[in-house]
Amino acid sequence: MVERVKTGIPGFDEILNGGIPKRNVVLLSGGPGTGKTIMASQFLWNGLQMGEPGVYVALEEHPVQVRVNMKQFGWDVKQYEQQGVFAVVDAFTGGIGEAAKREKYVVKDPTDVGELVDVVKTAIKDVNAMRVVIDSVSTLYLTKPSVARSVIMSLKKVLSGTGTTSMLVSQVSVTERGFGGPGVEHAADGIVRLDLDEVDGELVRSVIVWKMRGTSHSLKRHPFEITDKGIVIYPDKVVKTRGVVG
């Protein structure tokens with residue numbers, strides 16, 4: 001029996017036949033505005049509701065903004081941070097600015113992979129994290145494309161080694177095939193792609209699971225919506241797009 005982690009995202013566990021296999025590192029890729037950060041945040045928030053501590057590694061946005069974005073969906077993480085079961089790792093500001101000085105976990109040089117891995121490891125241990133989100137790994141391979149694969153492998157070792165189940169957010173351009181960065185796809189145990197396509201004159205959001213180690217899963221492209229409570233996937237519906245197969 002595969003041990004699974006329930007994402008709690010409506011419809012998502014159904015298309016994964018019960019949830020993400022434990023310890024899997026899942027690449028959540030898609031173009032701008034497809035809902036990647038929302039989905040990853042929802043995964044962490046639902047974990048907290050189930051008593052599973054989490055860590056959010058902010059590489060592309062100020063930690064203050066991360067908390068504001070989550071609060072818009074009613075996901076107020078402040079109390080969980082105070083309880084020591086949730087942490088935001090600031091890998092964005094480099095510790096510069098008044099707000100950054102109040103952060104507990106700061107990566108002074110986000111391009112220093114060793115430092116990033118160390119701070120993430122410390123945060124995971126401190127809160128006994130079971131779920132981790134890194135948003136986004138694109139930042140890492142845009143600054144150092146040649147070491148992209150080794151960066152992801154270093155992070156994967158830490159994430160799997162500490163027993164966490166994680167989502168790595170990956171930004172791709174709308175027309176890009178693949179999932180974002182050489183070697184990144186190969187390092188991931190699972191790949192989930194979110195898309196925003198024009199179908200009959202309107203934009204339709206859809207999700208497809210390209211691979212998920214340790215479980216069978218739906219091979220169909222399912223529609224989803226972003227509501228004021230987060231993402232809702234419709235597992236019994238299918239979107240037909242003229243999508244390119246990467």
Side-chain angles (χ1 to χ4, degrees), residues 4-16 18-20 26-93 99-100 102-105 120 123-124 126-136 164-171 190 192-196 203-207 209 222-237:
R4 294 174 189 269
V5 171
K6 292 217 173 295
T7 66
I9 297 165
F12 195 36
D13 294 324
E14 285 89 321
I15 65 176
L16 288 171
I20 299 170
V26 178
L27 193 64
L28 191 57
S29 81
T34 48
K36 301 179 298 298
T37 295
I38 297 168
M39 191 179 214
S41 304
Q42 196 168 352
F43 167 70
L44 284 178
W45 174 259
N46 290 342
L48 291 171
Q49 306 317 295
M50 298 175 205
E52 298 186 5
V55 169
Y56 188 114
V57 183
L59 276 152
E60 271 189 6
E61 234 170 355
H62 200 294
V64 171
Q65 192 59 45
V66 166
R67 296 182 186 96
V68 169
N69 293 348
M70 288 184 78
K71 205 171 174 183
Q72 285 173 343
F73 292 95
W75 308 330
D76 191 351
V77 292
K78 280 270 167 63
Q79 51 171 332
Y80 295 100
E81 288 190 84
Q82 284 157 2
Q83 289 165 25
V85 293
F86 183 75
V88 178
V89 171
D90 174 7
F92 176 76
T93 66
R102 292 193 288 275
E103 295 296 334
K104 188 173 178 187
Y105 302 98
V120 170
I124 289 172
D126 285 358
V127 304
N128 287 319
M130 294 170 79
R131 302 185 182 207
V132 178
V133 162
I134 298 179
D135 188 5
S136 92
T164 63
T165 305
S166 52
M167 284 189 178
L168 311 185
V169 175
S170 169
Q171 183 93 349
V192 176
R193 169 125 183 186
L194 304 184
D195 285 295
L196 189 56
L203 287 173
V204 175
R205 296 182 186 281
S206 64
V207 57
V209 180
H222 299 281
F224 74 90
E225 286 179 339
I226 297 175
T227 72
D228 57 0
K229 292 186 179 69
I231 280 174
V232 178
I233 295 168
Y234 300 102
D236 48 352
K237 292 184 182 169

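Between the side chain of Lys6 and the main chain of Gly18, a donor-acceptor pair closer than 3.5 Å is present. Using a distance-only test at 3.5 Å, with no hydrogens or angles considered, a donor-acceptor pair links the side chain of Lys36 to the main chain of Gly30. Here the side chain of His222 pairs a donor or acceptor atom with the backbone of Lys237 at under 3.5 angstrom. Side-chain N or O atoms of Arg4 include one that pairs as donor or acceptor with a backbone N or O of Leu16 at under 3.5 Å. One N or O on the side chain of Asp13 and one on the backbone of Thr7 form a donor-acceptor pair closer than 3.5 Å. The backbone N or O of Glu52 lies less than 3.5 Å from no partner atom in the side chain of Arg131, so there is not a single donor-acceptor pair. Between the Gln42 side chain and the Ile231 main chain, a donor and an acceptor come within less than 3.5 Å of each other.
Taking each heavy atom of Ser170 and Leu27 in turn, the nearest pair found is CB-CD1, 3.7 Å. Of all non-hydrogen atoms in Val89 and Ala123, the two that sit nearest each other are CG2-CB, 3.7 Å. Here the shortest heavy-atom pairing between Val64 and Ala99 reads CG2-CB, 3.9 Å. The two residues Glu225 and Tyr234 make their nearest non-hydrogen contact at OE1-OH, 2.8 Å. Here the closest non-hydrogen pair linking Pro63 and Thr93 is CD-CG2, 4.2 Å. Nearest heavy-atom pair, Asp90 versus Phe92, reported as atom, atom and distance to 0.1 Å: OD1-N, 2.9 Å.
One distance of note links CD of Gln171 with CG of Asp135; it measures 9.0 Å at 0.5 Å rounding. To the nearest 0.5 Å, atom CD of residue Glu61 and atom OG1 of residue Thr37 are 6.5 Å apart. The distance from atom CG of Leu44 to atom OH of Tyr80, rounded to the nearest 0.5 Å, is 12.5 Å. Put simply, CG on Leu48 and CZ on Phe86 are 6.0 Å apart, with the number rounded to the nearest 0.5 Å. To the nearest 0.5 Å, atom CG of residue Asn69 and atom OH of residue Tyr56 are 7.5 Å apart. One finds the CD1 atom of Ile9 at 9.5 Å from the CD1 atom of Ile15 (value rounded to the nearest 0.5 Å).
The aromatic rings of Trp75 and Trp45 lie parallel to each other, with less than 30° between the two planes, well short of the 60° mark.
Applying side chain to side chain contact (heavy atoms under 4.5 Å, CB included) to Val207 and the options Thr34, Val192, Asp195 leaves one that passes, Val192. If you run side chain to side chain contact (heavy atoms under 4.5 Å, CB included) between Met39 and each of Leu194, Val133, Val169, only Leu194 comes through.
In this structure the side chain of Val55 never reaches within 4.5 angstrom of the side chain of Tyr105, judged on heavy atoms. For the pair Thr164 and Met130, the minimum side-chain heavy-atom distance is 4.5 Å or more.
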Going through the distances and angles, do Val88 and Glu81 end up as a side-chain contact (heavy atoms from CB on, under 4.5 Å)? CA-CA 8 Å; Val88 178; Glu81 288 190 84; 4.1 Å; yes
Could you please spell out the steps behind the side-chain contact (heavy atoms from CB on, under 4.5 Å) verdict for Lys71 and Val68? CA-CA 5 Å; Lys71 205 171 174 183; Val68 169; 5.7 Å; no
Start with the C-alpha gap between Leu28 and Phe43, add the side-chain angles, then the distance that decides, and say whether side-chain contact (heavy atoms from CB on, under 4.5 Å) holds. CA-CA 12 Å; Leu28 191 57; Phe43 167 70; over 6 Å; no
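Glu103 meets the salt bridge (charged side-chain N to carboxylate O under 4.0 Å, His left out) test with Arg67; sequence neighbours excluded.
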